[in-house]
Amino acid sequence: MSHLVTIQTQVKDAAAIHHACERLQLTPPRQGTARLFNRECTGWLVALPEWKYPLVCQTETGTVQYDNFLGHWGDPQRLDAFLQHYAVAKATLEARRQGHSVQEFQETSGAIRLVIGVSS
């Protein structure tokens, strides 16, 4: 039996942040404080290619703070890719933690399909 699942991503897992950065071949994230134009934010700092400021992943709340000035300081598709890979990493880590098998398929649309085998 198959089920379609929609995930609204909250970025709360440091290991999944690391996995997403690794998959996207980004510099490893680091804990710290970054200045985002006119304010400072603290959390896991993720440097996206060609972005003026890093993403700040606040794992306590699940929020991601960033300033890309409506796309002028960073391509929103880079953020979308990070969130997609974070969600895949988190779902995979959780499924494997619970003893399930995971298969990943890259769709031609750019979507990633996960098939999680659940024993009955």
Side-chain angles (χ1 to χ4, degrees):
M1 174 182 280
S2 132
H3 298 282
L4 180 63
V5 177
T6 302
I7 299 172
Q8 182 176 4
T9 306
Q10 290 187 336
V11 180
K12 292 187 169 190
D13 187 317
I17 294 169
H18 278 83
H19 283 284
C21 289
E22 194 173 284
R23 289 174 58 117
L24 291 167
Q25 300 179 342
L26 303 176
T27 303
R30 64 178 180 81
Q31 276 277 15
T33 299
R35 182 138 188 93
L36 302 181
F37 187 63
N38 63 354
R39 64 188 166 119
E40 289 188 345
C41 297
T42 300
W44 284 99
L45 306 181
V46 175
L48 296 178
E50 301 172 15
W51 273 52
K52 183 171 183 162
Y53 300 108
L55 304 179
V56 181
C57 302
Q58 298 175 320
T59 54
E60 316 78 44
T61 62
T63 60
V64 177
Q65 305 231 359
Y66 62 92
D67 189 348
N68 71 344
F69 190 49
L70 302 173
H72 297 284
W73 293 341
D75 184 349
Q77 289 183 340
R78 301 280 190 176
L79 172 61
D80 293 344
F82 171 77
L83 293 174
Q84 177 188 41
H85 285 281
Y86 172 85
V88 167
K90 181 62 177 166
T92 300
L93 288 168
E94 285 300 315
R96 288 190 176 142
R97 184 181 64 77
Q98 295 176 31
H100 305 306
S101 63
V102 179
Q103 291 181 302
E104 182 179 319
F105 300 93
Q106 184 73 45
E107 303 291 330
T108 57
S109 66
I112 299 172
R113 181 170 49 102
L114 291 181
V115 176
I116 300 173
V118 180
S119 302
S120 45

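Just so it is clear, the structure is predicted and the values come from calculations on it, not from any experiment. These values consider heavy atoms only, across backbone and side chains, with no hydrogens, waters or symmetry-generated copies.
- Heavy-atom minimum distance, A14 versus T59: N-CG2, 4.4 Å.
- Side-chain atoms of Q10 never come within 3.5 Å of backbone atoms of T61 as a donor-acceptor pair (strictly under, hydrogens ignored).
- Transitive grouping of hydrophobic side chains (ILVMFWY, heavy atoms separated by less than 4.5 Å) keeps L93 and I116 in distinct clusters.
- L79 contributes atom CG, which lies 13.5 Å from atom OH of Y86 (distance to the nearest 0.5 angstrom).
- Taking all atoms of both residues into account, the shortest heavy-atom contact from F105 to Q103 is CE1-CB, 3.8 Å.
- Cluster membership check: V115 does not share its hydrophobic cluster with V118, using side-chain heavy-atom separations under 4.5 Å among Ile, Leu, Val, Met, Phe, Trp and Tyr.
- Residue C57 holds its SG atom at 13.0 Å from NZ of K12, rounded to the nearest 0.5 Å.
- When the side chains of ILVMFWY residues are joined at heavy-atom separations under 4.5 Å, either directly or via intervening members, V64 and W44 end up in a single hydrophobic cluster.
- At a threshold of 4.5 Å between non-hydrogen side-chain atoms, the residues Q106 and I112 count as touching.
- For the atom pair NZ of K90 and NE2 of H19, the computed distance is 10.5 Å after rounding to the nearest 0.5 Å.
- Annotation: side chain of H18 is not in contact with side chain of E22 (no heavy-atom distance under 4.5 Å).
- Note: the hydrophobic cluster containing L83 also contains I17 (ILVMFWY, side chain heavy atoms under 4.5 Å, direct or indirect links).
- Residue C41 comes nearest to Q58 through the heavy atom pair CB-NE2, 4.3 Å, listed as atom of the first residue, atom of the second, then distance.
- In this structure, OH in Y53 is found 4.5 Å from CH2 in W73, a value given to the nearest 0.5 Å.
- Atom CG of L55 sits about 12.0 Å away from atom CZ of R78, to the nearest 0.5 Å.
- Considering only heavy atoms from C-beta on, L36 comes within 4.5 Å of P54 through its side chain.
- By the neighbour-count criterion of 12 heavy atoms within 6.0 Å, atom CD of Q77 is sparsely surrounded, having that number or fewer from other residues, nucleotides or ligands.
- Taking CG of L45 as the start and OG1 of T27 as the end, the distance is 11.5 Å to the nearest 0.5 Å.
- Within a 6.0 Å radius of CD in Q98, more than 12 heavy atoms belonging to other residues, nucleotides or ligands are found.
- Taking both residues in full, the closest heavy atoms of P76 and G71 are given as CD-CA, 4.2 Å, listed atom of the first, atom of the second, then distance.
- For the pair E50/D75, no side-chain contact is recorded, criterion being any heavy-atom separation below 4.5 Å from C-beta on.
- In this structure, F69 and D67 approach most closely via the heavy-atom pair N-OD1, 3.1 Å.
- Side-chain atoms of Q84 come within 3.5 Å of backbone N or O of G110 as a donor-acceptor pair.
- Side-chain heavy atoms closer than 4.5 Å link hydrophobic residues (I, L, V, M, F, W, Y) into clusters, and following such links, even through other members, never connects L114 to V11.
- Nearest heavy atoms, L26 versus A47: CD2-O, 3.8 Å.
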